[in-house]
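Numbered from 1 within each chain, the chains take letters A, B, ... in sequence-line order.
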Number of protein chains: 2
Amino acid sequence: MPDPASIPRPDVLAALRACRLWRDASAEAVERLARAARVRDVPRGSRLVTEGDLADEFGVLVAGRAHVFHLGADGKRMLFETMEAGDPVAAVAALAGGRYPANAEATTPATVAWLPRAALWELIETEPAVARAVISDLANRVVNFTSVVQSFSLDVPARLARYLFQRALGVGRPSATGLEIELGMSKGDLAAALGTVPETLSRAFARLRDDGLVEVHGKRVTILDVRALAELGSGYAEE
Amino acid sequence: MPDPASIPRPDVLAALRACRLWRDASAEAVERLARAARVRDVPRGSRLVTEGDLADEFGVLVAGRAHVFHLGADGKRMLFETMEAGDPVAAVAALAGGRYPANAEATTPATVAWLPRAALWELIETEPAVARAVISDLANRVVNFTSVVQSFSLDVPARLARYLFQRALGVGRPSATGLEIELGMSKGDLAAALGTVPETLSRAFARLRDDGLVEVHGKRVTILDVRALAELGSGYAEE
DNA sequence: CGCCTTACTTGACCGCCGTCAAGGTGGCCG
DNA sequence: CGGCCACCTTGACGGCGGTCAAGTAAGGCG
């Protein structure tokens, strides 16, 4: 239980300060959050939120990593997002009210600071900068989701090409033969993020390799033909 | 060009007043919007916004109907949303900045009031009620998109079942043999909304009919087994 | 009233991809 | 050093669904 007189854990305070939703909030407001937070240390694999549960709380990841995913009836996972320290957990659900639209699970030992959904709304009311940041964040999420939905009209190699291209824009580094990137996750996770299974992803990589678009060495991918990759990823298959 | 001295068109003013994003804004603020708006009457089929264009404006549909959709490389449409009078057009893109993530097109003769994206941000800054409404709207959009993405892990009959069930929750009316609904659009549009093509949708309807879940008469659908429909739509296929 | 366009349905075909199965590879620990 | 296990790859196969084609039904207009 939170103790109003206590001094917040320093790691919790630091993580809350780092959260992009209220980066421009006043220091006191963030400290108030930190004191109100219910902090939990959980082992790897813990379920943080469960799809369908009442969304009366949201969290901030203080330490560790987590996945947000949907569990199909057959147990197949569809990965929506990977999160790390400073990222909000289920904040959208807290704003929308109702129920959590997906599951979240710690993929490493993790520390999470839990807050009532009203706390986020209060912050929005009292700090205009927070309202702006929340609106920007939400609007960008909607735009990203639009892109995700569009990508389902592509086949798996094209979806992979799109992912590689987008990632190259973000963290690509020039190398001797092309643009080099690290996959941000295991290939199994990448398969889930692209809405497919490891076997099919493996074939998609083989296809891009055989067509001379990329070279693959474990999680390190060298993009040999950026232009062709971008075209393939936008739905215009080259012949 | 807007004329500051002119009296806004009454239909424009009424549509702006009806827009859910600023329903609780002050009357003066809405009138200011109406005077600033660039109003256009366009014929059926006009492109309102084009995917990839700079998102420097957003609109409010004053009259008529419009579709928001993605155009695949082969010309296939994926329908995201259908809009009517009072609905905002491309407001999310205006908030996110960057470029329009989808296309919008009038499906009837339509009147649109266009506003610069800064006008929406100003309204958010000056009217806290607008900020709240925008955040709620965006959060709900994100939740809905989550559901849409999840549905792509289902086959077409299940996606159709999910749509019918959701619609029954909204506009279903009891009838002699079950719950009766009207499809809100043509079957071709419904196919595009479910991410498929008319032929496959037709087979999906046939399948639900043969399994005794629904009866179909044109755009009027009678749901005979609500429970089975809900189960199928949530991914648990009944045997 | 009859034609024509549009919307929908049904059938045949086939390609993508999910599943099952069998290796292969690398890392960690005893 | 050996063995285990997680991760990945490759092959074979089958089903869902997209495409092409033809046929039917329904609404608009001369």
Going from NE2 on B:His67 to CD on B:Glu81, what distance comes out if it is rounded to the nearest 0.5 angstrom?
10.5 Å

Contact nearer the 5' end of DNA chain C, comparing B:Pro198 with A:Glu199:
B:Pro198

Closest-nucleotide ordering on DNA chain D, the 5'-leading residue of A:Arg203 and A:Lys219
A:Lys219

Have a look at A:Asp74 and say if it touches a base, only the backbone sugar-phosphate, or nothing, with a 4.0 Å heavy-atom cut-off.
sugar-phosphate

How would you list, by chain and number, every residue that makes a side chain to side chain donor-acceptor pair (under 3.5 Å) with B:Arg220, sequence neighbours excluded?
B:Glu180, B:Glu182

Residue pairs, two or more places apart or on separate chains, that pass side-chain hydrogen bond (donor to acceptor under 3.5 Å, both in side chains) and touch residues 165-176 of chain A:
none

Among A:Arg40, A:Arg38, A:Arg117, salt bridge (charged side-chain N to carboxylate O under 4.0 Å, His left out) partner for A:Glu57:
A:Arg38

Applying the side chain to side chain contact (heavy atoms under 4.5 Å, CB included) test to A:Leu138, which of A:Leu21, A:Val143, A:Leu95 qualifies?
A:Leu95

Of all nucleotides in DNA chain C with an atom under 4.0 Å from a non-hydrogen atom of chain B, which is the first and which the last going 5' to 3'?
C:dC8 to C:dA12

Kindly state which residues belonging to residues 147-167 of chain B come within less than 4.0 angstrom of DNA chain D, counting heavy atoms of the residue only, listed by number.
B:Asp155, B:Val156, B:Pro157

What is the first contacted nucleotide of DNA chain D and what is the last, in 5' to 3' order, if contact means an atom lying under 4.0 angstrom from a heavy atom of chain B?
D:dC16 to D:dC20

Kindly give the heavy-atom pair with the smallest separation between B:Gly212 and B:Asp225, and that separation in Å.
O-CB, 4.3 Å

Please determine whether a side-chain nitrogen of the Lys or Arg among A:Lys76 and A:Asp74 lies less than 4.0 Å from a carboxylate oxygen of the Asp or Glu.
no

By the salt bridge (Lys or Arg N to Asp or Glu O under 4.0 Å) test, which pairs, at least two apart or in different chains, include something from residues 191-207 of chain A?
A:Arg207-A:Asp211

Spacing of B:Leu229 atom CG and B:Leu208 atom CG [to the nearest 0.5 Å]
6.5 Å

Decide whether A:Arg162 and A:Ser147 meet the rule of one side-chain donor and one side-chain acceptor closer than 3.5 Å.
yes

